[in-house]
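We use all heavy atoms of the structure for the numbers below, so side chains are in, but hydrogens, waters and symmetry mates are not. Order of listing sets the numbers, starting from 1, for every ligand and every atom in it.
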Amino acid sequence: MPRTVITFGTFDVFHVGHLRVIERAASLGDRLVVGVSADALNLRKKGREPVFSESERLAIIGALRMVDEVFVEESLEQKREYIERYAADVLVMGEDWRGKFDEFGDICEVVYLPRTPAISTTALIEKISSSG
Ligand code: CTP
């Protein structure tokens, strides 16, 4: 049976930290499914509109060769539903969420991966808007 990995994120202003987490998630199984936060979810979660719309972010993530399937994550409360819908064997989250998703350990393996140091979408937006 192929091993399916699922992960979630906004992936706005795509950067190398996003690439690394997707590469590492893909290496944990045979098939990688990525839930990309809806614009409305991102606004609720991070308090700002993403730079790139959900359809643009979906297109970028879906074009990566490590990614087999993408979908729009409409709500944080639907994680269990998404894990079941995509028959995921492994849930991968960033270590900033450590412990927060352990409840899904009854239906899949839960793995927290370290973040790539010194880069984030927020820092990039600040850097770009303060230059020039
Ligand atoms: N991520 C990572 N290393 C980074 C930044 C993000 O591994 N330096 C991972 C997160 O842990 C998550 C995924 O990338 O699993 C998507 O994170 P996202 O919140 O979209 O990116 P950030 O750059 O953290 O965005 P923001 O600054 O808006 O919080």
| Phe11-ligand 1 polar pair, N/O distance under 3.5 Å | yes
| said: So for ligand 1, is Arg115 a polar contact partner (N or O within less than 3.5 Å, distance only)? | reply: yes
| request: For Glu81 and Gln78, indicate whether the former's side chain and the latter's backbone hold a donor-acceptor pair under 3.5 Å. | output: no
| query | Which word best sums up how the rings of Phe104 and Phe101 line up, parallel for under 30°, tilted for 30 to 60°, or perpendicular for over 60°? | reply | parallel
| query | Is it true that Arg20 and Glu23 have a side-chain N and a carboxylate O under 4.0 angstrom from each other? | reply | yes
| request: Select one of side chain, backbone, both or neither to describe which atoms of Asp96 lie under 4.0 Å from any atom of ligand 1, heavy atoms only. | output: side chain
| Nearest-0.5 Å distance, OG1 of residue Thr121 to CZ of residue Phe52 | 10.0 Å
| Near Ile119, which atoms of ligand 1 are under 4.0 Å from a heavy atom of that residue? | 4 (C), 5 (C), 8 (N)
| Under 3.5 Å: N/O of Arg24 near N/O of ligand 1 | no
| note | Within 4.0 Å of some non-hydrogen atom of Val21, the atoms of ligand 1 are 7 (O), 9 (C), 13 (C), 14 (O), 15 (O)
| request: For ligand 1, indicate whether the residue Arg48 contacts it via side chain, backbone, both or neither (heavy-atom separation under 4.0 Å). | output: side chain
| query | Heavy-atom contact under 4.0 Å between His15 and ligand 1? | reply | yes
| task | Return yes if some donor-acceptor pair links the side-chain N/O of Arg115 with the main-chain N/O of Ser120 below 3.5 Å, else return no. | result | no
| query | Tell me: protein heavy atom nearest atom 3 (N) of ligand 1, and distance? | reply | Thr116 N, 3.0 Å
| task | Would you mind checking which non-hydrogen protein atom is closest to atom 29 (O) of ligand 1, with the distance to 0.1 Å? | result | Lys46 NZ, 2.7 Å
| request: For the pair Phe71 and Tyr86, name the ring-plane relationship: parallel under 30°, tilted 30 to 60°, perpendicular over 60°. | output: parallel
| said: Whether the side chain of Arg31 engages the backbone of Glu69 through a donor-acceptor N/O pair (distance < 3.5 Å, no angle test) should be reported. | reply: no
| said: Before you tell me yes or no, could you show the steps for Arg57 and Asp39 under side chain to side chain contact (heavy atoms under 4.5 Å, CB included), namely the whole-Å CA-CA distance, both residues' side-chain angles and the distance that decides it to 0.1 Å? | reply: CA-CA 10 Å; Arg57 290 180 286 110; Asp39 290 338; 2.6 Å; yes
| query | Counting heavy atoms only, which part of Glu95 comes closer than 4.0 Å to ligand 1: side chain, backbone, both or neither? | reply | neither
| remark: Numbered in order shown, the ligand 1 atoms found under 4.0 Å of a heavy atom of Thr121 are 22 (P), 23 (O), 25 (O), 26 (P), 27 (O), 28 (O)
| said: Tell me the nearest of Thr10, Thr122, Val16, Leu19 to atom 27 (O) of ligand 1, using heavy-atom distances. | reply: Thr122
| Of the protein's non-hydrogen atoms, which lies at the shortest distance from atom 15 (O) of ligand 1, and what is that distance? | Gly94 N, 3.7 Å
| said: For Glu77, is there any backbone N or O sitting under 3.5 Å from a side-chain donor or acceptor partner on Ser75? | reply: yes
| said: With the threshold set at under 4.0 angstrom, would you say His18 reaches ligand 1 through any of its heavy atoms? | reply: yes
